[in-house]
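One structure below.
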Amino acid sequence: MLLREAYIRLSTHSPFRRHPPSPTPRTRIQLRLRPHRSSSAMDPADQSPEEVYSVWALPPEPVRGRLRSIMEGLRAAHGGPAFEPHATVVGAIRLRRSQAIEMLRAAGAGVSPYTARVTGVARGDFFYQCVYLLLEPTPEVVGASDHCSGHFGYQRPTPYMPHVSLLYGDLTDEEKEEARKKVEELDKDICGLQFEISELALYRTDTEDKSLDSWELVEVCHLEKK
């Protein structure tokens, strides 16, 4: 009897009954991972491989035709692959296709049509910035890129320089300067050209493919006035 009473007192007043057991480490790890999973826009059913995508601002068709004529003249003299006239808004980033499409749609919903203006013709230091038109970095132009880059989680490796490439190629400095001057010969009124951007396009752009054969238009987002 004495042993039974002692057992009851120990069971009732045991210090191990005062505090509930702590969560297991596994539970705490799962809780910390949940925000990361919920922030992903990726379709879980999409099993496509991650590929490189970019977002381009497309000039309206009359301007695009004018730019194509310049680009054709440059390629006739210096070679290089053909591509659509555009201003890059979000640089090359690796994503799955469904994820990239959803990000474009979400980003485009927050951008209104905006104006771009050509301020000069310049030459660059690498293949994808060989000869190009400089665009005025207005708050609208820079803001559109900032907004879209935020949606895509894209971090620029260099400060944003809005431009419309006219020629891709690995040319010497002398050849680049010849090409730059030829732009002004082909279209002497190109500087000062002003146009509205009302379309953003998602392109698959494998930067390792300098032939551009694998580059592909995926989706176009039409911007609406807010």
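Quantities reported herein were computed from a predicted structural model and do not represent experimental measurements. If you read the sequence from its start, that first residue is 1, and numbering goes on from there.
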Please tell me whether [X] and [Y] are part of a single hydrophobic cluster in this structure, the criterion being side-chain heavy atoms less than 4.5 Å apart.
{"X": "Tyr160", "Y": "Leu58", "answer": "yes"}
{"X": "Val89", "Y": "Leu134", "answer": "no"}
{"X": "Met161", "Y": "Ile190", "answer": "no"}

Rounded to the nearest 0.5 Å, what's the gap from [atom1] on [X] to [atom2] on [Y]? Could you check?
{"X": "Leu212", "Y": "Ser214", "atom1": "CG", "atom2": "OG", "value": "7.5 Å"}
{"X": "Arg123", "Y": "Leu166", "atom1": "CZ", "atom2": "CG", "value": "14.5 Å"}
{"X": "Glu216", "Y": "Leu202", "atom1": "CD", "atom2": "CG", "value": "9.0 Å"}
{"X": "Arg97", "Y": "Glu51", "atom1": "CZ", "atom2": "CD", "value": "6.5 Å"}
{"X": "Tyr168", "Y": "Phe127", "atom1": "OH", "atom2": "CZ", "value": "8.5 Å"}
{"X": "Arg204", "Y": "Asp209", "atom1": "CZ", "atom2": "CG", "value": "9.0 Å"}

Is there a side-chain contact between [X] and [Y] (heavy atoms, below 4.5 Å)?
{"X": "Leu133", "Y": "Val121", "result": "yes"}
{"X": "Leu67", "Y": "Asp187", "result": "no"}
{"X": "Lys210", "Y": "Asp170", "result": "yes"}
{"X": "Thr205", "Y": "Trp56", "result": "yes"}
{"X": "Met103", "Y": "Tyr53", "result": "no"}
{"X": "Leu186", "Y": "Ser69", "result": "no"}

Any Lys/Arg nitrogen of [X] or [Y] sitting under 4.0 Å from an Asp/Glu carboxylate oxygen of the other?
{"X": "Glu61", "Y": "Arg68", "value": "yes"}
{"X": "Glu136", "Y": "Arg117", "value": "yes"}
{"X": "Asp173", "Y": "Arg180", "value": "no"}

Locate the shortest heavy-atom distance separating [X] from [Y]; write the atom from each residue and the value.
{"X": "Phe83", "Y": "Leu167", "result": "CZ-N, 4.0 Å"}
{"X": "His147", "Y": "Ala107", "result": "NE2-O, 3.0 Å"}
{"X": "Val131", "Y": "Lys176", "result": "CG2-O, 3.9 Å"}
{"X": "Ala57", "Y": "Ile197", "result": "CB-CG2, 3.7 Å"}
{"X": "Thr115", "Y": "Gln194", "result": "CG2-CG, 3.3 Å"}
{"X": "Tyr132", "Y": "Gly124", "result": "CE2-N, 3.6 Å"}

**Prompt:** Counting only heavy atoms not in Glu224, do more than 12 fall under 6.0 Å of its CD?
**Reply:**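 Incorrect, the count does not exceed 12.
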**Asked** Within the distance-only criterion (no hydrogens, no angle test), does the side chain of Ser145 pair as donor or acceptor with the backbone N or O of Val141 below 3.5 angstrom?
**Response**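 It does not hold such a pair.
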**Prompt:** Would you find a donor on one side and an acceptor on the other, under 3.5 Å apart, between the side chain of Thr172 and the backbone of Glu175?
**Reply:**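 Judged by distance alone, yes, a pair lies under 3.5 Å.
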**Item:** side-chain contact (heavy atoms from CB on, under 4.5 Å) between Glu72 and Arg75, worked out
**Value:** CA-CA 5 Å; Glu72 289 168 2; Arg75 289 198 303 275; 3.4 Å; yes
**Asked** Passes side-chain contact (heavy atoms from CB on, under 4.5 Å), Ser54 versus His86? Steps please.
**Response** CA-CA 11 Å; Ser54 302; His86 67 277; over 6 Å; no
**Message:** Test of understanding: with salt bridge (charged side-chain N to carboxylate O under 4.0 Å, His left out), list the residues that count as partners of Glu199, not counting sequence neighbours.
**Reply:**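 So Glu199 forms a salt bridge (charged side-chain N to carboxylate O under 4.0 Å, His left out) with Arg64.
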**Message:** Who clusters with Val52? Use side-chain heavy atoms, under 4.5 angstrom, across I, L, V, M, F, W and Y, and order the result by chain and number.
**Reply:**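 Besides Val52, the hydrophobic cluster comprises nothing; the residue is isolated.
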**Message:** Show, in sequence, the C-alpha distance, side-chain angles and deciding distance for Leu135 and Val118, and conclude whether the side-chain contact (heavy atoms from CB on, under 4.5 Å) test is met.
**Reply:** CA-CA 5 Å; Leu135 299 180; Val118 176; 4.0 Å; yes
**Request:** Report the residues that fulfil ring-ring contact (aromatic ring centres under 6.0 Å, His included) with Phe195, sequence neighbours left out, ordered by chain and then residue number.
**Result:**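 Not a single residue meets the ring-ring contact (aromatic ring centres under 6.0 Å, His included) criterion with Phe195.
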**Candidate pair Phe152 and Leu95, rule side-chain contact (heavy atoms from CB on, under 4.5 Å), full reasoning** = CA-CA 9 Å; Phe152 276 77; Leu95 299 163; 3.7 Å; yes
